[in-house]
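Everything on this sheet refers to the single structure shown next.
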Amino acid sequence: MAPRLSSPLATMLVFSACGLVGLTAAWDQYAPTCEEDIRAAIMFREANVNRSARWGSALKSWYGGGESCPHCADDPCGSHGYHGNWEGLECRGDWVIEDGWSRWSGQKSAKGPCKKITNFHLPDRGLEGPFPEHLKYFPNLHEIDLDSNNMFGELPEWVACMTNLIEIDLEENDFTGTIPRAWGNLPQLEEVEVDDNPQLRGCIPHGLPANEHGGKVSFSSDPKIGTSWGGTRINGQRCQNAPMPDCSHTKIPEDAPMPSKGTVPSHGGDHHAPEGMTPEEAEEYFRQKLEETNRVFSNP
Ligand SMILES: *[C@@H]1O[C@H](CO)[C@@H](O)[C@H](O)[C@H]1NC(C)=O
């Protein structure tokens with residue numbers, strides 16, 4: 001008896017496996033931002049949003065699903081490409097190095113169940129103050145771009161703890177002191193720009209990228225990579241790296257706020273539940289919408 005059943009059963013199993021593949025692919029697009037990244041972003045926002053009008057304006061979209069849905073669940077990455085919902089935070093998937101070429105995988109091909117915040121990008125906003133300390137909590141950053149702001153003070157050693165960094169772009173600010181020698185330990189760096197910080201001085205840690213030369217990283221239109229320091233008092237000499245600093249303080253504190261679940265459930269920040277629904281009804285509404293999307297996705 002059992003053998004007779006096995007064939008339709010097998011067909012069913014194959015059918016549901018296909019359904020599952022479709023489901024997985026669709027869920028990728030709607031996967032949430034990784035919780036640790038959201039918590040880091042919330043800590044960053046809370047520490048800086050009231051620092052000045054400029055900071056307030058730079059971070060004004062850092063709530064829920066962004067400006068289109070501030071009361072949605074916190075989802076900095078969103079589901080519409082790498083620019084994301086929270087301005088200045090980008091989620092470009094994994095940094096893939098293959099056959100000497102490096103590129104972003106894009107969100108859909110990224111590994112893991114959630115989207116990582118990979119790029120911090122707030123240039124040209126007149127942002128004042130010291131190098132923002134709460135950057136240290138972002139666990140997955142590949143890029144820090146604070147180009148053309150009004151930052152001052154010394155560059156912190158703990159940047160050496162952000163071991164995924166590929167680009168640090170700090171040109172046209174007013175930082176003082178020297179490039180911390182511990183930065184020379186960053187294993188993946190391809191670009192460090194500190195040009196036009198007139199008070200920056202001293203040597204270049206040995207482990208920083210070679211002096212500026214032709215090349216490209218995929219998140220920049222700049223045709224040059226390497227280390228550049230024009231318009232500073234840096235002397236161009238290389239000096240020894242310092243040992244790694246203590247990185248224990250860069251772990252996100254246990255009492256850091258958790259992501260807001262929002263009062264309007266959403267998958268991606270652009271969907272609004274019809275007026276008058278209770279949160280439970282809205283949740284069900286979005287669950288059904290997601291199922292419809294999955295069906296379309298698995299039976300194109
Ligand atoms: C920022 O200021 C506003 C207005 O005074 C206040 O409501 C809010 O709680 C403050 N946020 C933080 C994180 O301090």
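Counting starts at 1 for both ligands and their atoms, in listed order. Computed from heavy atoms alone, side chains included, the values below leave out hydrogens, waters and symmetry copies.
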Study note, to complete from the structure: Counting from 1 in the order shown, the ligand 1 atoms closer than 4.0 Å to a non-hydrogen atom of Glu46 are 13 (C)
Point to revise | Atom pair CZ (Arg201) and CG (Asn235), whose distance is rounded to the nearest 0.5 Å | key: 10.5 Å
Practice item. State whether the number of non-hydrogen atoms from other residues, nucleotides or ligands found under 6.0 Å of His249 atom NE2 is greater than 12. Key: yes
Practice item. Calculate, to the nearest 0.5 Å, the distance between atoms CZ and CD belonging to Phe175 and Gln199 respectively. Key: 12.0 Å
Check your understanding: Considering all protein heavy atoms, does one lie under 4.0 Å from atom 2 (O) of ligand 1?
Key -> yes
**Study point:** Geometric class of the Trp62/Phe138 ring pair [parallel <30°, tilted 30-60°, perpendicular >60°]
**Key:** perpendicular
Check your understanding: Can you find a protein heavy atom closer to atom 11 (N) of ligand 1 than 4.0 Å?
Key -> yes
Exercise for review: From atom 8 (C) of ligand 1, work out which of Asn48, Ile42, Asn50 has a heavy atom at the shortest distance.
Suggested key: Asn50
